[in-house]
Each structure stands twice: as C-alpha cells, then as structure tokens.
Asker: 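Input: one structure, supplied below.
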Amino acid sequence: MHPFSYTRVSDTREAVTAGSRGGRYIAGGTTLVDLMRETVECPESLVDITGLPLREITVTERGGLRVGALVTMSEAAAHAKVRTLYPVVSEALELSASAQLRNMATIGGNVMQRTRCTYFRDVTADCNKREPGSGCAALHGFNRSHAILGASDSCVATHPSDLAVAFAALEARVRLLGPDGERQVRFADFLLRPGNTPDREQALQRGELITAVEIPALPRPLKSGYLKVRDRQSYEFALTSAAVALHIRGGVIREAKVAAGGVGTVPWKLPAVERHLLGERPSEALWVEAAERAADGARHLRHNRFKVELLKRTVARQLRIVGGTR
Ligand code: SF4
C-alpha cells in the first residue's frame, strides 16, 4: 500500500474544503481500502467523513424519502419507511454483499463503488478505466460478466450496485455539496457511461460530496420489488437483475418504473418496457411482451450472449411477481 495522509472531519464544509484540495472521501471503506491494498487506487490523502451528520432517513415534504449518505446499507434496509414505501430498495440492499459488509458500507459509498471487472483489479492487465489509454483486456478476454448495454470500444464493465438499479428505476436524485454550494442531480445523469473516458464514472465536480439520495413520492398504492439472478445465492454480483415498481388502479397500470442491473455500464433504465405497460391491464402476455423490449439495443460480447435472453426473462419474471396476473 502506498503512503497517504489521513484527516478526520466533523463538518460538511470542512470536508468539502479538504475534498477540494484533492482529498479522497472515505466512509465505510469497503471498496476503497481493498483497491488501495491492491494498488489499483493510490490516493495521497484520505478524508474520513464518518463523523458528518448525514445519517438520517426522513420523509420529504412531498412524501418521498431522503436517505442520508452515511446511512449504512443495513440501516436503510431495515428502516420501516423504506420497507413500507419502497420495498424495491430494501430488497436490493438485502441481496447485496454480505451482512458484515452491509453493516459497514454506506448509501453514498454504495453508489460510488467501482466495477468488479477482474481486469480492472489486476494491475498487470490493460485497463482504460484504471490507466486511461492502456486498452481493455476484457474486450477480447473472458467477458461473461460484462455489459451488453451502454458499452464503448474503451470499456465494457458493468456497474456492480444493486441499490443503484432501484434508485435508477425510481428516478431518485443525488444531493451534492461542493465548493459552490448545493445542487441535485438526477440519478440517470449521475453515473456516466464509459464513452472515451471510462475513468470518469460520476458527474461530480472537484470536492463535491454526496449528502443524500432523494427518492421521489410516487402514486399509491405502489407495489415494488427487486429480483437478482446470479451464479450462487449469496455474496455474488448480478448476472442480471430487475427493479420494478407499479401503480395499478382500477385494474389498469397507471405508473411503471423499471430498470435492470448486471447488463449495463450503468444501471439500465427501461423506458420502452415502461411505455409498453402504461394504460394496460396486467396479464401474463403483457409481462412477456413488455420484457421483450428490455434488451433493445443490446450488443453481446463473446462470452455473454446468454445475458440477452436472461435479461428479458428476469424482467418478465419480476413484472409477474410485482404485478401478478389476472
Ligand atoms: Fe478496464 Fe473496463 Fe476493460 Fe474492464 S471492461 S478491463 S474495467 S476498461
């Protein structure tokens, strides 16, 4: 591990000042410490933000939820409001990582976590994300777990977070504090597709700190849930996943929020699926027809062709689970 300086802050402004000087924020450390040990990342300065007052979950004025950036994954998953208002969020959290990691890792850190592409974590391999311009070993290597949506010639790595898929489906907003003050970014704009700059993963300006993620109010009753398909049933990343929220009134789907994980370079919102559902009555045929659109624009690599069909089946299955059939 390379030498680094360490500062502990107790005030958000103090944190932003340290971050603006190049300090790297650390909270639970469940990703960053691993990457530092493997010398994938070598920050010169760490700013410990665990003392900041960002640990609350509150109902917003409009009836949505504001989840503080330092709420741990297990706290959020167990919170009564999260469980009753947005089961898709608690289910995504409970299907993530291990209990020990969920007790340490924070909501802010979860959406900032870096890809699990094995070449990214192997410092002897070419990787544009770790070392811009060096190439992408996954393009012609073993790419079974990689992306079929949103990839570029520079990078085909998937985003690993389950929680981020639920946030993308629900159209959450990320609240940021930086040297120029506060701002909010739509979740869909916060995580960046790789393009020619896969090393740039979030729409963050220098020194900006995530203070909370805000989930908007949605019409009630709202049924929601998260389905994760993986090689083994615990402590494994998604091959495919689906976050679904449906508002059904009078037997008709009035609101549909759907996103997929494990398949995109960012959590993959599925507007074509959503449009196909709106105004329709739940039925087995509808779920299958809508899910057919989940893989629109997909381009598979040598080892992950199976993800195209698996994605459609995952979305259809989760629509069936959440929406039922009549
Ligand atoms: Fe690196 Fe992305 Fe290629 Fe993986 S897919 S080796 S993270 S550039």
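Both ligands and their constituent atoms are indexed starting at 1 by order of listing.
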Asker: Nearest protein heavy-atom contact for atom 4 (Fe) of ligand 1: which residue, which atom, what distance?
Answerer: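 Checking every protein heavy atom, the shortest distance to atom 4 (Fe) of ligand 1 gives C117 SG, 2.3 Å.
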
Asker: Taking atom types as modelled and ignoring hydrogens, do the side chains of D162 and Y226 form a donor-acceptor contact shorter than 3.5 angstrom?
Answerer: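 Yes - a donor-acceptor pair under 3.5 Å links their side chains.
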
Asker: Which of the numbered atoms in ligand 1 are under 4.0 angstrom from any heavy atom belonging to Y119?
Answerer: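 Heavy-atom distances to Y119 below 4.0 Å select 6 (S).
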
Asker: Are any N, O or S atoms from C155 nearer to atom 3 (Fe) of ligand 1 than 2.8 Å?
Answerer: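 Here the distance criterion (N, O or S atom, under 2.8 Å) is not met by C155, so no.
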
Asker: Under a 3.5 Å cutoff, is there a donor and acceptor pairing between the side chains of T50 and D48?
Answerer: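 Yes, D48 and T50 have a side-chain donor paired with an acceptor closer than 3.5 Å.
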
Asker: Which atoms of ligand 1 sit under 4.0 Å from any heavy atom of S154?
Answerer: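 Contacts of ligand 1 toward S154, numbered from 1: 8 (S).
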
Asker: Do S224 and Y86 have a side chain donor and acceptor closer than 3.5 Å?
Answerer: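 Side chains of S224 and Y86: no pair found under 3.5 Å.
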
Asker: Check whether any N, O or S atom of C127, backbone or side chain, sits closer than 2.8 Å to atom 1 (Fe) of ligand 1.
Answerer: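 True for C127.
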
Asker: Between atom CD of E171 and atom NZ of K257, what is the distance when rounded to the nearest 0.5 Å?
Answerer: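 Nearest 0.5 Å value for the CD-NZ distance: 3.5 Å.
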
Asker: Show the atoms of ligand 1 that are less than 4.0 angstrom away from any heavy atom in F120.
Answerer: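 So the answer, numbered in order with elements, is 7 (S).
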
Asker: In terms of residue, atom name and distance, what is the protein heavy atom nearest to atom 3 (Fe) of ligand 1?
Answerer: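 Scanning the protein heavy atoms, the shortest distance from atom 3 (Fe) of ligand 1 goes to C136 SG, 2.3 Å.
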
Asker: Please write down residue, atom name and distance for the protein heavy atom closest to atom 5 (S) of ligand 1.
Answerer: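 Here the closest protein heavy atom is V156 N, 3.3 Å.
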
Asker: Do S161 and N110 pair up side chain to side chain, a donor and an acceptor below 3.5 Å, judged on atom types alone?
Answerer: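 Yes, N110 and S161 have a side-chain donor paired with an acceptor closer than 3.5 Å.
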
Asker: In terms of side-chain heavy atoms, does H146 have a donor or acceptor partner in N304 at a distance below 3.5 Å?
Answerer: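 Looking only at side-chain atoms, N304 and H146 do not form any donor-acceptor pair under 3.5 Å.
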
